[in-house]
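To keep things clear, I will list the structure first and then write my remarks on it.
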Amino acid sequence: MTEKAAPAPAAAAAPAAGGSRAGMKKELPERFRDYKHVWVLIEMERGQVHPVSWELLGEGRKLADKLGVELAGALLAGPGEAARKAVDEAFSYGADLVYLMEDPLLADYRNQPYAAAMTDLVNTYKPEILLMGATNLGRDLAGTVATTLATGLTADCTELAIDHEGSLAATRPTFGGTLLCTIHTLNFRPQMATIRPRVMAMPEAQEGRSGRVIRHALVMEESSVITKILDFIADANMDKAQLAYADIVVAGGMGLGRPENFKLVTELAAVLGAEYGCSRPVVQKGWLPAERQIGQTGKTIRPRLYIAAGISGAIQHRVGVEGSDIILAINTDPNATIFEFAHMGIVGDALQILPALTEAFRRILAVNRLAG
Amino acid sequence: MNIVVCIKQVPDSAQIRVHPVTNTIMRQGVPTIINPYDLFSLEAALQLRDQTGGKVIVLTMGPPMAEDALRKAMGIGADKAVLLTDRFFAGSDTLATSFSLSMAITKIAEKEGPIDLVFCGKQTIDGDTAQVGPGIACRLGLNQLTYITSIEALDPKAREITVQRRAEGGVQVLKTKLPCMITMLEGSNIVRRGSMPNVLRAAREPILTLNAAAAGIEDVTRCGLRGSPTVVKKVFAPKPRADKAKLIDTTNRSTTDIANDAVDALFAAAPKLHTDLVGRAAQA
């Protein structure tokens, strides 16, 4: 969470040099002493596990090993084959055990049954750390669970570590992504954090790895759930989900000058079989829809190749692309901050360089196709 | 219908600078705006009021200068405004913020009658947490509807609302009972401009100012820094990478040559990517 406000009167602002409690000591109350182990929410909706769950198991494994505790998946799901498969997958991605709540009420996401299930699970089995994806589901659920449990929740973390006292040190961008801050939930349990998809790397699945399943029943009837699901309208085009998980991404910024010039970006993307995106100001100008935005408030990407054309590289953009294997930046300004974190750069006009790159890639791929 | 819209005054983040030496935020002269995500929720609230009657009350927690955001919201069309301000609120994290705001909403209900709907922004642009809305809903026992793309129907008599909610891979059509808490997705409506009569009214309309005591908060240790379970241990600027981008030589060279060099350099650095792309092209 933590829209930490600065001391009055600027209460709407970010922390001033860490707030006045940076030196606060950990004094964990007696009632939290038996909270142990690291949990990850296995986010399953309509039979599909969101891949952020596996990314978080990878990260949770490191935290659990550092603490010398177990890593558990918490799976809330409708009954059926998909839940069984998800349990096996959770083991392959590093979970030692899975807490499974299987109930028809949990087949589709609704806040009320999910929050009741998760809160009950936490109160019964007492984890010290609880990680969730910063997806629509995860953010909707985490806010309710943290409020019900009256514990600390740090949203959209980009880095997780265990400090010398065994507390979770959760680092996230603050102030619209201009600075980073490290946040602790010293004296409450569980320590909760959400992490956006693609911020953490996908771990390698280990086949044949197994673990324990602990079943827990949901005590709730459909008649007591106030919100009813009337329908689910599946997206006609799945474009929206592709950007975060794309292999190659080409993006444009304000340096392209006009919305029409984005065809240079989409043409290069088409040749590479890539997804395309843009920086925040482009969305604010209304040139491209919000689902194309890359950065702290848009999509986080980790492609093998990221080509950024006419993007200056504000920190909020940087945190969304830093996981890319190779970043190629094109900008007319040799001092643009994007050259500080890109791996390769071309100082030049994106309007000329982009078509030339499209041509160069097209040629090299066509030549190889003939040769092959 | 009584509708409360929670808004936040935020710095226009496009204009925030970090001091190059001290790494502190340079706040001076940065203009403030209403958190842009809040405006979609305000517009949705105004549309419901226009359909069914009633009033829209904007609420913000912040320093006294946050009054400016409230007056802007009234200029857009809100009927009343409440400012929750007290030094006890300084340093609130989202748990403490949702506590104070939910107390203020309870106080507003005492004065104005039961609240049917609470709207919040999807998230703020300075904190980006998206947790305050769910926190308020949880504390007040409101049915929670986040990431709403459209409000399909509102039946004040049956006290039912039907909405579309953005989910993974599609939208859910949900029906729930009032009272509820709604956050609207950006782009879900077109925010109206302030009209001249509203702007004039906004300038002189009294604003109800509540401090912690007036909001009914007896235990101030539940507010601000003391009421916040999270502790900010460190604030810092991201480390610059040790090595900067390797620049492709562009002096006196054609764009074709530059592009060819760039592609060669990329494939030299990522041979596996090269093989895969060629393989994919061959299959196409």
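Each chain gets a letter, A, B and so on, in the order its sequence line appears, and its residues count up from 1. Hydrogens, waters and symmetry mates play no part in the numbers below; they use all other heavy atoms, side chains included.
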Please name the pair of heavy atoms, one in [X] and one in [Y], separated by the smallest distance, quoted to 0.1 Å.
X: B/A245; Y: A/G345; answer: CB-N, 4.0 Å
X: A/M344; Y: B/A269; answer: CE-CB, 3.8 Å
X: A/L272; Y: B/R280; answer: O-NH1, 3.3 Å
X: B/A167; Y: A/F232; answer: CB-CE1, 4.1 Å
X: B/A130; Y: A/R139; answer: CB-NH1, 3.5 Å
X: B/L247; Y: A/I346; answer: CD2-N, 4.5 Å

Which bit of [X] comes within less than 4.5 Å of chain A, counting heavy atoms only: side chain, backbone, both or neither?
X: B/L266; value: both
X: B/F99; value: neither
X: B/E186; value: side chain
X: B/E160; value: neither
X: B/T146; value: both

query = Got a sec, which residues hit salt bridge (Lys or Arg N to Asp or Glu O under 4.0 Å) with B/D68, two or more places apart in sequence or on another chain?
reply = B/K72
If you measure from [atom1] on [X] to [atom2] on [Y], what distance do you get to the nearest 0.5 Å?
X: A/I326; Y: B/L273; atom1: CD1; atom2: CG; answer: 7.0 Å
X: A/T227; Y: B/N143; atom1: OG1; atom2: CG; answer: 4.5 Å
X: A/L305; Y: B/F267; atom1: CG; atom2: CZ; answer: 8.0 Å
X: B/I125; Y: A/Q284; atom1: CD1; atom2: CD; answer: 7.5 Å

Do any side-chain atoms of residues 347-358 of chain A form donor-acceptor pairs under 3.5 angstrom with protein atoms, and if so which ones, sequence neighbours left out?
residue: A/D349; atom: OD1; partner: A/L351; partner atom: N; Å: 3.0
residue: A/T358; atom: OG1; partner: A/L354; partner atom: O; Å: 2.9

If you count heavy-atom pairs under 4.5 Å between each of [options] and chain A, which one has the most?
options: B/L277, B/D261, B/T250; result: B/L277
options: B/V173, B/T176, B/T183; result: B/V173
options: B/I161, B/T85, B/I248, B/T256; result: B/I248

key: B/K272 with A/D325: basic N within carboxylate O range, under 4.0 Å   = no
Check ion pair A/R304-B/D276 (N to O, under 4.0 angstrom) = yes
Verdict with supporting geometry, B/L174 and A/I229, side chain to side chain contact (heavy atoms under 4.5 Å, CB included) = CA-CA 5 Å; B/L174 299 173; A/I229 300 174; 3.6 Å; yes
Are the side chains of [X] and [Y] in touch, meaning some heavy atoms are under 4.5 Å apart?
X: B/R165; Y: A/D140; value: yes
X: B/E168; Y: A/H50; value: yes
X: B/L95; Y: A/T147; value: yes
X: B/T162; Y: A/K228; value: no
X: B/V232; Y: A/T182; value: no

query = For residues B/N260 and A/R363, is any side-chain donor paired with an opposing acceptor at under 3.5 Å?
reply = yes
query = When you check the side-chain N and O atoms of B/Q144 and A/T144, is any donor under 3.5 Å from an acceptor?
reply = yes
ask   = What residue, out of A/I330, A/V225, A/L186, A/I327, has the most heavy-atom pairs lying under 4.5 Å from chain B?
value = A/L186
remark   = Assert top hit (heavy-atom pairs under 4.5 Å, partner chain B, pool A/N111, A/L180, A/T171) equals A/L180
Proximal component of [X], with respect to chain B [non-hydrogen, under 4.5 Å]:
X: A/L328; result: side chain
X: A/I226; result: both
X: A/F188; result: side chain
X: A/T337; result: neither
X: A/A290; result: side chain
X: A/E45; result: side chain
X: A/D231; result: both

ask   = Short question: side chain of B/Q172, backbone of A/Y109 - any donor-acceptor pair under 3.5 Å?
value = yes
ask   = Is A/N136 reaching over with its side chain to a backbone N or O of B/R166, donor-acceptor style, under 3.5 angstrom?
value = yes
Atom [atom1] of [X]: over 12 foreign heavy atoms under 6.0 Å:
X: B/R222; atom1: CZ; value: no
X: B/E152; atom1: CD; value: yes
X: B/K177; atom1: NZ; value: yes

key: Audit row: A/D163, B/K233, side chain to side chain contact (heavy atoms under 4.5 Å, CB included) steps and yes/no   = CA-CA 11 Å; A/D163 76 357; B/K233 282 276 190 179; 5.7 Å; no
